[in-house]
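In each ligand, atom 1 is the first atom listed, and ligand 1 is the first ligand listed.
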Amino acid sequence: MSAVKMDGKALSAKVRNQILAETECLKTQGVVPGLAVILVGDDQASQIYVRNKERACSECGFYSEKHILPATATEEELLELIDTLNKNTKISGILCQLPLPKQISEDSVIAAIDPQKDVDAFHNSNVGKIMIGDYDFLPCTPAGVMELLKEYNIDPSGKHCVVVGRSNIVGKPMAMLLLHKNGTVTICHSKTNNLTDICLSADILVAAVGKANFITSDMVKPGAVVIDVGMNRNEEGKVCGDVSPDVMEKASYMTPVPGGVGPMTITMLMKNTIKAAKLQNGIS
Ligand code: GUN
C-alpha cells in the first residue's frame, strides 16, 4: 500500500488564507506586517527562495522590501543595512538569506538582527527560548513539519522520532520541537554508527541531510511516518528530496518533494512576521 501524501501546498494555502484574514484585522488597527528580505550575491537557489518569500508576502497582504547586495559586499555594508532595518518601524521582520559569501560571518549577521525582528528564529536568544520551550518565534522549517503532523493527526507523544541531520536551521530545532510534544528523540548525523538500524526503529523519521535519495526503503520501518526536508537536484537536474521515492510504498504517511515541507517553511515565515508585528505593537 502506498503512503498518504502529506500535502504541504494545500495546508499552506489554508494557513495563508487565515494569515490574510488576520492581516486585514490588524490593518484596521493601523498595523501592517512588513518583511525585509536580504539577498547577498547571485546564488540561483537563493534567488528562487527569495522570490517565493516575496510572493507569499503579497498573498498574505504584507508590506515587503527586497534588498539585493552584490556578492562582493562587505560585512560592514550588510551590518549597516541590518541596523537601518532594525530601526525602521515599517519592518516587522528581517530575513537575511543564507548562505552568505565567505567574506561575511553568518554568526555576526544573525547576532545583529533585533531578536524581536528575527523571523528565522536564528538569533541566540530565540534559539535559547526554543530550548526552554517558551518562544515568540518558531524556526520555520521545523514549525512547518509540526503543522503537517498536526494536520494529519499524527501525535509524536511516546513515539520514537529519528531526526537525520544536526544543522542549526533544521535538525537541532526539529529535535527540540518533537521533544516538546513528548516524542522520544534520536538525532543522527554523518558520524552515527548503525544508522540503518536506528532509522529502522523510527515511528517518525525526519530526513534533513541535504543528499539526494539518502534514505532508502531498507532504512524505513513499514508504516512509519516519513518527513522529507531535502531539496536537492539529481544528476538530471530534477528537484528531489533526501528520501528515495520508493519509500512511499513502505511508509504510512510521507511528504512529497516538491509540495511537502517546502511550502510550509515559507508559510511559517509569514506566521512569524505577523507575530513580530503584533509583538512590536503590543497586540497579543
Ligand atoms: N537558507 C536556506 N534556508 C533558509 C532559511 O530558512 N532562512 C534563511 N535566512 N536562509 C536560508
Side-chain angles (χ1 to χ4, degrees), residues 8 12 34-57 62 64-69 71 73 75 78-79 81-82 85-86 91-102 104-124 126-127 130 135 137-148 163 165-177 206-211 227-233 239 241-242 255 257-258 260-273 275-276:
S12 277
L35 179 68
V37 180
I38 306 169
L39 176 61
V40 187
D42 36 33
D43 180 84
Q44 282 215 328
S46 292
Q47 284 175 352
I48 295 169
Y49 294 142
V50 166
R51 203 177 313 135
N52 289 341
K53 285 166 188 173
E54 275 188 293
R55 190 179 309 142
C57 279
F62 294 179
S64 75
E65 284 181 6
K66 182 164 74 174
H67 296 266
I68 300 179
L69 271 61
E75 187 174 301
L78 180 53
L79 293 179
L81 170 61
I82 290 172
L85 294 170
N86 278 340
I91 299 300
S92 336
I94 302 169
L95 179 140
C96 182
Q97 188 68 30
L98 303 178
L100 290 168
K102 57 183 178 320
I104 301 177
S105 151
E106 289 186 356
D107 289 347
S108 307
V109 169
I110 290 167
I113 294 174
D114 178 340
Q116 282 219 1
K117 295 192 175 188
D118 171 38
V119 284
D120 261 324
F122 290 169
H123 191 284
N124 287 354
N126 288 321
V127 173
I130 291 157
Y135 33 73
F137 304 121
L138 284 171
C140 300
T141 300
V145 172
M146 298 310 286
E147 287 280 324
L148 276 166
V163 179
R166 57 172 156 179
S167 69
N168 289 335
I169 295 184
V170 184
K172 287 184 207 167
M174 184 75 252
M176 214 40 70
L177 299 195
V206 182
V209 191
K211 285 188 186 147
I227 306 290
D228 191 350
V229 178
M231 184 64 86
N232 315 293
R233 287 194 187 267
V239 171
D242 288 352
T255 58
V257 176
V261 176
M264 290 306 296
T265 296
I266 299 184
T267 300
M268 295 301 104
L269 175 69
M270 301 297 111
K271 258 196 152 174
N272 280 346
T273 304
K275 180 87 187 272

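Residue Thr141 has no nitrogen or oxygen atom sitting less than 3.5 Å from a nitrogen or oxygen atom of ligand 1, judged on distance alone. Considering backbone and side-chain N/O of Thr265, none are found under 3.5 Å from N/O of ligand 1. Among the atoms of Phe122, none of the N or O lies under 3.5 angstrom from an N or O of ligand 1.
A heavy-atom distance below 4.5 Å is not found between the side chains of Ile38 and Val109. Put simply, the side chain of His67 reaches to within 4.5 Å of the side chain of Leu85, judged on heavy atoms. The side-chain heavy atoms of Tyr135 and Met176, taken from C-beta on, include no pair separated by under 4.5 Å. Counting heavy atoms from C-beta on, the side chains of Asp228 and Val261 never come closer than 4.5 Å.
In this structure, the protein non-hydrogen atom closest to atom 11 (C) of ligand 1 is Gln97 NE2, 3.4 Å. Of all protein heavy atoms, the one closest to atom 7 (N) of ligand 1 is Asp120 OD1, 3.0 Å.
Taking a 4.0 Å cut-off on heavy atoms, Cys140 fails to register as neighbouring ligand 1.
Partners of Lys172 under the side chain to side chain donor-acceptor pair (under 3.5 Å) rule, at least two apart in sequence or in another chain, are Asn168.
If you look at Ser46 next to ligand 1, there are no close heavy atoms at all, none under 4.0 Å. Counting heavy atoms under 4.0 Å from ligand 1, residue Leu98 touches it through both backbone and side chain.
Side chains of Thr265 and Thr141: a donor on one and an acceptor on the other come within 3.5 Å.
Under a 4.0 Å criterion applied to the non-hydrogen atoms of Leu95, ligand 1 contributes the atoms 9 (N).
The backbone N or O of Ser64 lies less than 3.5 Å from no partner atom in the side chain of Glu54, so there is not a single donor-acceptor pair.
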